[in-house]
Student: 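Take a look at this one; I'll ask things after.
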Amino acid sequence: MGRAFECIGRLAGTPYTMKDTHVNIYSVEELCYHLVNNAELTGDLNDTEELADWLEQECALKELAAMIKGKGRRSVTPALAAETILTYCHFCTGAELERTLKVIRSSGMVAGPERTKALADYFLAGKRYSLAFSGYESLYRYAVERGDEGQTAENAYYLGIICARLFYYRDAAEFFKTSFELSHDKGACFAYLAAKRLSMSEEEYIKFITSLPAEYTEASNVEEALKNIKKQDLPDKEHMKVFVQNLKEEYRNCMSG
């Protein structure tokens with residue numbers, strides 16, 4: 001179940017139409033939800049005067065409107081407007097707010113690694129795995145071309161996380177292995193061995209770990225972690241059906257633009 005929010009203001013008689021998505025917004029809570037879940041689309045925050053008037057006249061949020069207009073004495077960026085609204089409504093956690101603002105701030109940048117990174121982190125946090133994978137894959141290739149081993153290892157690790165969350169453990173293992181070989185990070189080593197363990201039979205895995213070099217030190221920790229997994233923590237068939245259907249919908253939406 002999602003979080004409950006105490007509504008503020010009132011429902012609008014005339015909706016505010018988001019220019020990028022053509023979605024009609026009838027309350028400040030709907031506005032907050034749209035900002036957090038569609039941070040990559042920020043054109044609606046460019047006209048802060050119009051938005052402030054709507055909040056005051058339609059939602060009876062005079063104080064919030066005044067705060068936005070008061071910031072008009074200096075340049076009101078989309079990120080500043082979003083921060084004012086989301087903070088006033090206490091809509092999201094500090095981490096969610098920072099991720100959202102990072103993406104909105106990046107919208108004014110020329111397309112490049114910094115914006116791609118902001119979007120990829122944002123999509124991963126929102127479980128929009130197709131879009132997140134595309135971003136990290138682009139960053140991974142860019143890092144390989146530049147010979148940047150640190151960034152190659154980091155982005156390989158994130159690609160492994162996405163594959164593992166989609167239950168593609170063999171692919172995940174390859175990305176984690178790349179990350180560990182470049183970074184020698186224990187977390188990447190653990191992730192690599194865990195992905196291998198989940199992609200193999202017990203007999204295959206035992207043969208595998210006995211052939212590993214000495215630097216692969218996390219095998220015992222992987223076994224301990226797997227022992228602590230409770231049966232109810234694993235997805236049942238019904239949850240898997242819903243999960244797969246959601247992935248299909250995400251893919252269709254991505255392909256339809």
Side-chain angles (χ1 to χ4, degrees), residues 93 95-96 98-99 102-103 113-114 116-236 239-240 242-244 246-247 250-251 254:
T93 66
E96 290 171 329
E98 187 51 41
R99 277 195 301 268
K102 189 174 182 180
V103 171
E114 189 173 348
T116 301
K117 170 65 173 170
L119 287 168
D121 290 346
Y122 171 75
F123 290 137
L124 178 58
K127 299 181 180 180
R128 296 161 72 177
Y129 296 126
S130 297
L131 295 172
F133 189 93
S134 178
Y136 288 122
E137 186 178 39
S138 175
L139 292 168
Y140 174 80
R141 291 176 178 173
Y142 180 71
V144 170
E145 289 173 1
R146 296 183 62 202
D148 188 332
E149 292 189 353
Q151 287 300 308
T152 300
E154 179 179 325
N155 290 302
Y157 186 80
Y158 281 118
L159 289 169
I161 287 175
I162 294 170
C163 288
R165 289 186 182 178
L166 297 175
F167 309 108
Y168 296 132
Y169 295 121
R170 294 183 187 278
D171 294 329
E174 291 305 309
F175 283 121
F176 289 137
K177 182 181 180 182
T178 297
S179 181
F180 175 63
E181 288 177 344
L182 292 173
S183 67
H184 305 291
D185 179 74
K186 284 189 176 182
C189 180
F190 179 94
Y192 169 56
L193 296 179
K196 293 294 284 187
R197 180 68 179 86
L198 292 168
S199 68
M200 293 176 162
S201 68
E202 187 168 351
E203 183 179 347
E204 288 173 330
Y205 183 70
I206 291 173
K207 289 180 180 179
F208 165 71
I209 60 173
T210 57
S211 65
L212 285 174
E215 62 264 27
Y216 290 84
T217 58
E218 294 298 302
S220 60
N221 290 331
V222 169
E223 289 304 310
E224 189 64 29
L226 289 175
K227 286 179 185 177
N228 293 329
I229 295 177
K230 298 177 182 178
K231 187 175 181 180
Q232 59 264 33
D233 292 332
L234 300 174
D236 58 29
H239 282 92
M240 282 300 299
V242 173
F243 181 77
V244 171
N246 289 339
L247 283 178
E250 181 187 342
Y251 178 76
C254 181

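Because the structure is predicted, anything quoted here is derived from the model rather than measured. Starting from 1, each residue takes its place in the sequence as its number. All values below come from the heavy atoms of this structure, side chains included, with hydrogens, waters and symmetry mates left out.
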Student: So E181 and K177, side-chain contact (heavy atoms from CB on, under 4.5 Å) or not? Walk me through it.
Tutor: CA-CA 6 Å; E181 288 177 344; K177 182 181 180 182; 3.0 Å; yes
Student: Would you say the ring centroid of F176 lies under 6.0 angstrom from that of Y157?
Tutor: yes
Student: Within the 4.5 Å heavy-atom criterion, are Y142 and N155 side-chain neighbours or not?
Tutor: no
Student: How close do F133 and C163 get, counting heavy atoms only, and between which atoms?
Tutor: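 It is CE1-SG, 3.9 Å.
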Student: Quick one: does S134's side chain have a donor or acceptor within less than 3.5 Å of a partner on S130's backbone?
Tutor: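 Answer holds: no.
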Student: Minimum heavy-atom separation for C189 and T217, please, with both atom names.
Tutor: SG-N, 3.9 Å
Student: Please say whether more than 12 non-hydrogen atoms of neighbouring residues, nucleotides or ligands are located less than 6.0 Å from OH in Y168.
Tutor: no
Student: Rounded to the nearest 0.5 Å, how far apart are CD1 of I162 and CG of D171?
Tutor: 12.0 Å
Student: Find the distance between CD (E145) and OG1 (T152) and round it off to the nearest 0.5 Å.
Tutor: 10.0 Å
Student: When rounded to the nearest 0.5 angstrom, what distance separates CD1 in I161 from CG in L166?
Tutor: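 If we round to the nearest 0.5 Å, I161:CD1 and L166:CG are 12.0 Å apart.
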Student: In Å, rounded to the nearest 0.5 Å, how long is the span from CG of L119 to CZ of R128?
Tutor: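 Between atom CG of L119 and atom CZ of R128 there are 9.5 Å.
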Student: Taking the six-membered ring for Trp and the full ring for Phe, Tyr or His, determine whether the centres of Y140 and Y158 are under 6.0 Å apart.
Tutor: no
Student: Going by the rule side-chain contact (heavy atoms from CB on, under 4.5 Å), which residues pair with R197 if we only count those two or more places apart in sequence or in a different chain?
Tutor: E202, Y205, V222, E223, L226
Student: So, for E137 and L159, which heavy atoms are closest and what is the spacing to 0.1 Å?
Tutor: N-CD2, 3.7 Å
Student: Distance check, rounded to the nearest 0.5 Å: E218 atom CD versus E224 atom CD?
Tutor: 12.5 Å
Student: Closest approach of L139 and K117, non-hydrogen atoms and distance?
Tutor: CD1-CA, 3.7 Å
Student: Check whether any side-chain heavy atom of F190 lies under 4.5 Å from a side-chain heavy atom of D185, and answer yes or no.
Tutor: no
Student: Taking all atoms of both residues into account, what is the closest heavy-atom pair of R99 and Y122, and its distance?
Tutor: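 Shortest heavy-atom contact: O-CD1, 4.4 Å.
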Student: Taking all non-hydrogen atoms of both residues into account, name the closest pair between A153 and S179 and its distance.
Tutor: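 Taking every non-hydrogen atom into account, O-OG, 2.9 Å.
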Student: Salt-bridged, E174 to R170, with N to O below 4.0 Å?
Tutor: no
Student: For the atom pair OG (S211) and OH (Y216), what is the distance rounded to the nearest 0.5 Å?
Tutor: 10.0 Å
Student: Quick check: do F208 and L193 have side-chain heavy atoms less than 4.5 Å from each other?
Tutor: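 Of all side-chain heavy-atom pairs linking L193 with F208, at least one is under 4.5 Å.
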Student: Taking the side chain as every heavy atom from C-beta outward, state whether I209 and K196 have any atom pair closer than 4.5 Å.
Tutor: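 I209 does not reach K196 side chain to side chain.
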